[in-house]
Chemist: 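Handing you this structure, nothing more for now.
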Amino acid sequence: MQEIKFIKREVLKEKPTDQTKLGFGKIFTDYMFTMLYSTEKGWYDPQVRPYENFSFDPATTFIHYGQAFFEGMKAYNAVDGVRLYRPCDNFARASRSAERLSMPALDEELALEGLKKLIEVEKDWIPTAPGTSLYIRPTMVATDVFLGVHASHTYLFFIILSPVGAYYAEGLKPVKIYVEDEYVRAARGGIGFTKAAANYAASIYAGEHAAQKGYSQVLWLDAVERKYIEEVGAMNMFFVIDNTIVTPPLRGSILPGITRDSVIKLGRKLGYTVEERLISIDEVMETAKNGHMTEAFGSGTAAVISPVGEFCLGEDKVQVGDGSIGKISQQLYDTLTGIQYGKLEDPFGWSMKLDF
Ligand code: PLP
Ligand code: COI
């Protein structure tokens, strides 16, 4: 393992005093982790160094062609110290994103070591108020200075940290979701299953329109028939229909969420039937109206478990259940966060306690 250099900063930032007002992704800590890649050297020069601006040549490839992706995970101020949640799964997914974008696989072991060292230096930034955590944003960008459309030979990988509260202003109150039946986020065969920056670029236009209409996020439909549920902007979707938990299958166009995988496994362990199957938007609207759908929720690192209280498709609006958080959503939220904060038994060994 390569040695990770530490570069100290002279003046530290002020930490937020009111943890109830953190919001999401607005404040960044004192340090970051960086490492560089070249085809000759592989990954090299790992450092924990002061958080500061990068300097890029205007012709740097990622700026023009979007050869860039990111990851998202969290560190928790748990009952017994600091814990990460399934970090190896995030780094493995990073390498899958990298492969599809013709970028180099991450040195996952070195990235984890770098992350641990960074968190150790920044542990005082992990908020302590209920529901808060330290959001971790690993990112890789192509850094060749060249305007040809080819894979870069050099890359920068970095990890930054941000103390966060709830992703949605609503907290655990159900969010309203706009069903997008005109624009699409990703098609099968494309890059929808990666965390490519471009997937988010593709989603912003529809997201802004939905926001103007008062909706928190967009629910995407499949790119071919505009019929089957894909996912929401920053989370995977689950529906409780006739007491069965249903979620769309992974067909290449949606992100294989780590929280999604956790919900499927925890749901089954809690005794529920969990199905991965195609769900049409007609089925969603109909079962929400006739009462067969009792709950709907999204899952994600930032979103955790976010209940959905309303879907809007064109002029048609339906409320899910009684519009408040459902029993199964609450149970899954309590179980998942219980494991993440070290309060509950962790039957799958997902939570990683850091030893400092
Ligand atoms: N889908 C999209 C598009 C996302 O951005 C996210 C967030 O990471 C998710 C789903 C949920 O994935 P995960 O549970 O791994 O955070
Ligand atoms: C995450 O949950 O980690 C995400 O990446 C969502 C983000 C787009 C806000």
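We number each residue from 1, following the sequence as shown. Each ligand, and each atom within it, is numbered from 1 in the order the structure gives. In what follows, every heavy atom counts, from backbone to side chain, and hydrogens, waters and symmetry copies are set aside.
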Chemist: Check whether the side chains of Ser38 and Thr154 place a donor and an acceptor atom closer than 3.5 Å, and report yes or no.
Modeler: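 Distance-only check fails for Ser38 and Thr154.
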Chemist: Does Lys74 approach ligand 2 within less than 4.0 angstrom via side chain, backbone, both or neither, non-hydrogen atoms only?
Modeler: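 Under 4.0 Å from ligand 2, Lys74 contributes no heavy atoms.
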Chemist: Any nitrogen or oxygen of Arg185, side chain or backbone, less than 3.5 Å from one on ligand 1?
Modeler: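 In fact, backbone or side chain, Arg185 has no N or O that close.
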Chemist: For Met235, is the nearest heavy atom under 4.0 Å from an atom of ligand 2?
Modeler: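 False for this residue.
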Chemist: Which residue holds the protein heavy atom closest to atom 16 (O) of ligand 1, what is that atom called, and what is the gap in Å?
Modeler: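 Nearest neighbour among protein heavy atoms for atom 16 (O) of ligand 1, to 0.1 Å: Thr301 OG1, 2.6 Å.
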Chemist: Rounded to the nearest 0.5 Å, what separates atom CG in Leu332 from atom NZ in Lys327?
Modeler: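 Going from CG on Leu332 over to NZ on Lys327, the span is 10.5 Å.
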Chemist: Just which atoms of ligand 1 are under 4.0 Å from any heavy atom in Asn236?
Modeler: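 What qualifies from ligand 1 is 10 (C), 11 (C).
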Chemist: Out of Gln217, Glu231, Met237, Glu230, who is nearest to atom 2 (C) of ligand 1 when you count heavy atoms only?
Modeler: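 The residue whose heavy atom sits nearest atom 2 (C) of ligand 1 is Glu231.
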Chemist: Which residue and non-hydrogen atom of the protein lie closest to atom 3 (C) of ligand 1, and at what distance in Å?
Modeler: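 Residue, atom and distance for the closest contact: Gly233 O, 3.1 Å.
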Chemist: With the threshold set at 4.0 Å, does a side-chain nitrogen-carboxylate oxygen contact exist between Glu122 and Lys117?
Modeler: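 Between Lys117 and Glu122 there is no salt bridge, as every charged N stays at least 4.0 Å from the carboxylate O atoms.
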Chemist: For atom 13 (P) of ligand 1, what is the nearest protein heavy atom, given as residue, atom name and distance?
Modeler: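 That would be Ile258 N, 3.5 Å.
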Chemist: For Trp43, which of Tyr155, Phe33, Tyr37 qualifies under ring pair (Phe, Tyr, Trp, His ring centres under 6.0 Å)?
Modeler: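 Looking at Tyr155, Phe33, Tyr37, the match for Trp43 under the ring pair (Phe, Tyr, Trp, His ring centres under 6.0 Å) is Tyr37.
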Chemist: Does one side chain, of Tyr51 or Lys13, offer a donor that lies under 3.5 Å from an acceptor on the other?
Modeler: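 No, Lys13 and Tyr51 have no side-chain donor paired with an acceptor closer than 3.5 Å.
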Chemist: What protein heavy atom lies closest to atom 14 (O) of ligand 1? Include the residue and the distance to one decimal.
Modeler: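 Atom 14 (O) of ligand 1 sits closest to the protein heavy atom Thr259 OG1, 2.5 Å.
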Chemist: For the residue pair Arg49 / Thr34, report whether a side-chain donor-acceptor contact shorter than 3.5 Å exists.
Modeler: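 Thr34 vs Arg49: donor-acceptor pair found between side chains.
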Chemist: Determine whether more than 12 heavy atoms belonging to other residues, nucleotides or ligands lie under 6.0 Å from atom CD of Glu99.
Modeler: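 No, CD of Glu99 has 12 or fewer neighbouring heavy atoms, counting only those of other groups under 6.0 Å.
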Chemist: Give me the residue, atom name and distance of the protein heavy atom closest to atom 12 (O) of ligand 1.
Modeler: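 So the nearest neighbour among protein heavy atoms is Gly257 CA, 3.4 Å.
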Chemist: Closer than 4.0 angstrom, basic N to acidic O: yes or no for Asp261 and Lys265?
Modeler: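 Counted as a salt bridge, because a side-chain N and a carboxylate O are separated by less than 4.0 Å.
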Chemist: Any idea which part of Lys195 is under 4.0 Å from ligand 2, heavy-atom wise: side chain, backbone, both or neither?
Modeler: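 Side chain only; the backbone of Lys195 stays clear of ligand 2.
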Chemist: Is any NZ, NE, NH1 or NH2 atom of the basic residue among Asp316 and Lys289 found under 4.0 Å from an Asp or Glu carboxylate oxygen of the other?
Modeler: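 Salt bridge present between Asp316 and Lys289.
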Chemist: Which ligand 2 atoms, with their elements, are less than 4.0 angstrom from a heavy-atom of Phe70?
Modeler: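 Those qualifying, in numeric order: 5 (O).
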Chemist: Go through ligand 2 atom by atom and flag the ones less than 4.0 Å from a non-hydrogen atom of Tyr200.
Modeler: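 Under 4.0 Å from Tyr200, ligand 2 has these atoms: 8 (C).
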Chemist: Please indicate whether any nitrogen or oxygen in Tyr200 is less than 3.5 Å from any nitrogen or oxygen in ligand 1.
Modeler: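 Between Tyr200 and ligand 1, an N or O pair is found under 3.5 Å apart.
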Chemist: Yes or no: does Arg93 have any heavy atom under 4.0 Å from an atom of ligand 1?
Modeler: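 Flag set, Arg93 near ligand 1.
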Chemist: When the aromatic ring centroids of Phe311 and Tyr178 are compared, is their separation below 6.0 Å?
Modeler: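 They do not qualify: ring centres at least 6.0 Å apart.
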Chemist: Within a distance under 4.0 Å of any heavy atom of Gly300, pick out the atoms of ligand 1 and give their elements.
Modeler: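 By the 4.0 Å cutoff, the relevant atoms are 11 (C), 14 (O), 16 (O).
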Chemist: State the atoms of ligand 2, each with its element, that fall below the 4.0 Å cut-off from a heavy-atom position in Ala234.
Modeler: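 Within the 4.0 Å cut-off of Ala234, ligand 2 contributes 6 (C).
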Chemist: Any ion pair linking Glu108 and Arg93 (charged N to carboxylate O, less than 4.0 Å)?
Modeler: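 Here Arg93 does not pair with Glu108 in a salt bridge, since their nearest N and O are not under 4.0 Å apart.
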Chemist: Taking only heavy atoms of Ala302 into account, list the atoms of ligand 2 that are under 4.0 Å away from them.
Modeler: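 Matching atoms, with element in brackets: 1 (C), 2 (O).
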Chemist: Check whether any heavy atom of Ser299 sits under 4.0 Å from an atom of ligand 1.
Modeler: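 Within the 4.0 Å threshold, so yes.
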Chemist: Show the numbers, then the answer: is there a side-chain contact (heavy atoms from CB on, under 4.5 Å) between Ile229 and Ser280?
Modeler: CA-CA 6 Å; Ile229 305 300; Ser280 70; over 6 Å; no
Chemist: Distance under 4.0 Å to a non-hydrogen atom of Arg137: what atoms of ligand 2 satisfy this?
Modeler: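 That gives atoms 5 (O), 7 (C) of ligand 2.
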Chemist: Measure the distance from atom 7 (C) of ligand 1 to every protein heavy atom, then report the residue, atom name and distance (to 0.1 Å) of the closest one.
Modeler: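 The protein heavy atom lying closest is Lys195 NZ, 3.3 Å.
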Chemist: With atoms numbered from 1 as shown, which atoms in ligand 2 lie under 4.0 angstrom from a non-hydrogen atom of Tyr135?
Modeler: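 The list of qualifying atoms is 1 (C), 3 (O), 4 (C), 5 (O).
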Chemist: Tell me, which protein residue and heavy-atom name are nearest atom 6 (C) of ligand 1, and how many Å apart are they?
Modeler: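 Protein heavy atom at minimum distance: Ala234 O, 3.4 Å.
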Chemist: One thing to verify: whether Arg185 and Glu231 come together as a salt bridge, which I'm taking to mean a side-chain N less than 4.0 angstrom from a carboxylate O.
Modeler: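 Result for this pair is yes, salt bridge flagged.
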Chemist: Taking 4.0 angstrom as the limit, do Asp355 and Lys116 come out as a salt bridge?
Modeler: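 No, this pair does not count.
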Chemist: Which atoms of ligand 2 are found less than 4.0 Å from any heavy atom of Tyr167?
Modeler: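 Counting atoms of ligand 2 from 1, those under 4.0 Å from Tyr167 are 9 (C).
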